[in-house]
Number of protein chains: 2
Amino acid sequence: MLDVSISTVSKALNDSHEISPATKERIREAAKLYNYQPNRIAVNLKSGKANTIGVVIPSIQNFFMTQVLRGIESVIAETPYNIIISITNESYEKEAQIVNTLTQGFVDGIIVTVSEETFIKKAYDHFRSFDNRKALLMFDRVVGDVVCDKVLVDDEDAVFKATKELLASGRKQITLTSTISNINVGKQRIKGYTRAVQPIHDPVLISDTVENIEDKVKILLDQGKVDAIVALDEEASLASFRAGKAKKVLDNKAVSVIGYTSKKIAENLTPNLTTIDQDGVRVGELAAELLLKKLKKPLKDPESIIVNSIYNKRFTS
Amino acid sequence: MLDVSISTVSKALNDSHEISPATKERIREAAKLYNYQPNRIAVNLKSGKANTIGVVIPSIQNFFMTQVLRGIESVIAETPYNIIISITNESYEKEAQIVNTLTQGFVDGIIVTVSEETFIKKAYDHFRSFDNRKALLMFDRVVGDVVCDKVLVDDEDAVFKATKELLASGRKQITLTSTISNINVGKQRIKGYTRAVQPIHDPVLISDTVENIEDKVKILLDQGKVDAIVALDEEASLASFRAGKAKKVLDNKAVSVIGYTSKKIAENLTPNLTTIDQDGVRVGELAAELLLKKLKKPLKDPESIIVNSIYNKRFTS
DNA sequence: CTGTTAGCGCATTCAC
DNA sequence: GTGAATGCGCTAACAG
């Protein structure tokens, strides 16, 4: 149309040194005028690269995940890579489908938190089978069997230490509540709790739905069998908190509740909730950095990094 | 390798009627064995379709957005389409870049909430310029000038009604707090508030950062110039709430706070927070349905749908 | 400095 | 019922 060949256009737009400044300028103007945009799909197909990394997570309704996303984004923003996020809703089928789709040309690598159903089914083939040249990194909920880079949180240790703190502050009957016992993260945390209380008393585990946790905690409180609760996730934390409020044992400090909750919630509750804080942003940053490293040197051995949590005491006693 | 041509394989895998059941079976087995996956990029390039819709939002750190995402996903899950989500972090540049990338072959249509910076800059070209055959839908924060399908929330009306309720319950000095006055949603809500209080008293607007809101509300409370606060977003709600708690005017019901907050937060605060609830899931569902409709009939005239909010009273007085 | 050609991986006519 | 050839939009090696 402008009396030049197609490849000249391509070269001009890519600022090739073999095109004269004059024609470059003409072509660029025409491109702007006609609002030409190179078809990324074709570029990807040709180059075999996507310049995109995929993030596959079970849910977005939780503070930790949004923090991790922020961390990933802050790192990736400094690179030419784009991010696409997909949500599995804790479904194995959806996870497998998404991982397959993404790795079929859309992305160069993926960052994954494994869904609950996948853990229950122990079905990990979708992580093993895809083209080895795609980079894979798991964070938070990882599968031991699958060989890949990993970014972990010190779940067992963090809960162990937090429980110890409770014991040190004079608590004698500590109950654990959880809605996430099906996934390895939950199991690790239970280990930490158990290891801490074992010398003092038998572990008391309430591993159930939100509603049932609230009811069961109330019963235990009525029986006077609890003076502290360790909650493993936000749902369990709030259920335990509500039970304590209902039984009026929180404001007078008869019972302490500590849990995994966002700062925003913990600080606005009355009384404030003591929490175990995970550094989600750091997890995301490390995950992104590690993946980028692997993208550059695909042959490197897989690494695992552990990010420590912080015990954020907000009660007095 | 299996003594058939490339096109036979393609047809067999796509279940073409021109291939004999026998060879189909052989090819499928081989495909499974070698874990063959058709390259989606190539398929897209060939077909000109992506079977994917893009969701572009400014942030994910807020309950409404996660609800909308759930709504979108529940609808899209019933279709052959995939979803990819991208976050703009309220940045114009990122938004423009993402919209351009996605529409260059990755997606068939996009669902967008416009970022704050884009509103401030009034820079909407990236929404106008892309290929008309891509479908575009805006929700929540929409640009009046841009012609496309829209799903809106009844911002002005909802705040108008809520403020009226406060007045009806005997409140006489209502202050508004907001961190979102730069975007049209915030402006609409301010209109609703103003329209409601105007007959009674001059509007009092605290439009600031979270920290400043908390301080300014405290000052107003000290001066005895407020007996109710309408907060336009979660940050403002919690800042106003903390100020009220600090001044001990909430538990004795001297002051009412109502705001935009997730149920999870509202119900666990003491006292519970009265809220204006947006039906995010419904917004997402409608957005997805409308976009799918447009994908089928690209020539239809743009539609706008308004989703009503619900006033969820949790205080007594 | 510019144009011709081939090929990325697939689906789809059109012959056979 | 099967295979050879063409092209999706682009880049890059090669000629001119």
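Note on naming: letters A, B, ... go to the chains in the order of the sequence lines (proteins, then strands), and numbering restarts at 1 for each one. Below, each value reflects all heavy atoms present in this structure, side chains not excepted, and no hydrogens, waters or symmetry copies. Keep in mind that what you see is a predicted model, and the values were worked out from it rather than measured.
- Atom CZ in B:Phe106 sits about 16 Å away from atom P in D:dG9, given to the nearest Å.
- A:Lys24 places a side-chain N or O within donor-acceptor distance of the main-chain N or O of A:Ser16, the cut-off being under 3.5 Å.
- When the nucleotides D:dG3, D:dG9, C:dT2 are ranked by their closest atom to the side chain of A:Leu45, D:dG9 comes out on top.
- Scanning atom types as modelled, no donor and acceptor separated by under 3.5 angstrom connect the side chain of B:Lys46 and the base of C:dG9.
- As judged by a 4.0 angstrom heavy-atom cut-off over every strand, A:Ser20 is placed among residues touching the sugar-phosphate backbone only.
- Each of D:dA4, C:dG9, C:dC1 was ranked by its minimum atom distance to the side chain of B:Ala42; first place goes to C:dG9.
- For B:Val43, taking side-chain heavy atoms from C-beta onward, the closest of the listed nucleotides C:dC10, C:dC1, D:dT2 is C:dC10.
- For the pair B:Arg26 CZ and D:dT2 P, the interatomic distance rounds to 8 Å; values are reported in whole Å.
- Rounded to a whole Å, the CD1 atom of B:Ile41 is 12 Å from the P atom of C:dC10.
- Using a 4.5 Å cut-off on side-chain heavy atoms (C-beta onward), B:Met65 and B:Ser59 make no contact.
- Residue A:Asn39 contributes atom CG, which lies 15 Å from atom C1' of C:dC10 at whole-angstrom precision.
- Rounded to an integer number of Å, the gap from OH of A:Tyr34 to C1' of D:dG9 is 19 Å.
- Looking at heavy-atom distances under 4.0 Å, A:Thr23 makes contact with sugar-phosphate atoms alone, never a base.
- Note: CG (B:Leu13) to P (C:dT12) measures 13 Å, nearest angstrom.
- Using a 30° and 60° split on the angle between ring planes, B:Phe139 and B:Phe64 fall in the tilted class, from 30° to 60°.
- If you find the closest nucleotide of DNA chain D to B:Thr8 and to A:Ser7, the one lying nearer the 5' end belongs to B:Thr8.
- When each of B:Ser47 and B:Lys11 is assigned the nucleotide of DNA chain D with its nearest heavy atom, B:Lys11 is the one assigned upstream, toward the 5' end.
- Between the CZ atom of A:Arg40 and the C1' atom of D:dC8 there is a distance of 18 Å, given to the nearest Å.
- Remark: P of D:dT11 and CD of A:Glu18 are 13 Å apart, rounded to the nearest angstrom.
- Comparing D:dT11, C:dG9, C:dC10 by their closest approach to the side chain of A:Ser10 singles out D:dT11.
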**Message:** Please determine whether side-chain contact (heavy atoms from CB on, under 4.5 Å) holds for the pair B:Asn182 and B:Phe119, giving the CA-CA distance in whole Å, both sets of side-chain angles, and the decisive distance to 0.1 Å.
**Reply:** CA-CA 7 Å; B:Asn182 278 327; B:Phe119 275 112; over 6 Å; no
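- Among the atoms of the strands shown, none is found under 4.0 Å from any heavy atom of B:Asn44.
- The aromatic rings of B:His126 and B:Tyr92 stand perpendicular to each other, their planes meeting at an angle above 60°, with 30° marking the opposite boundary.
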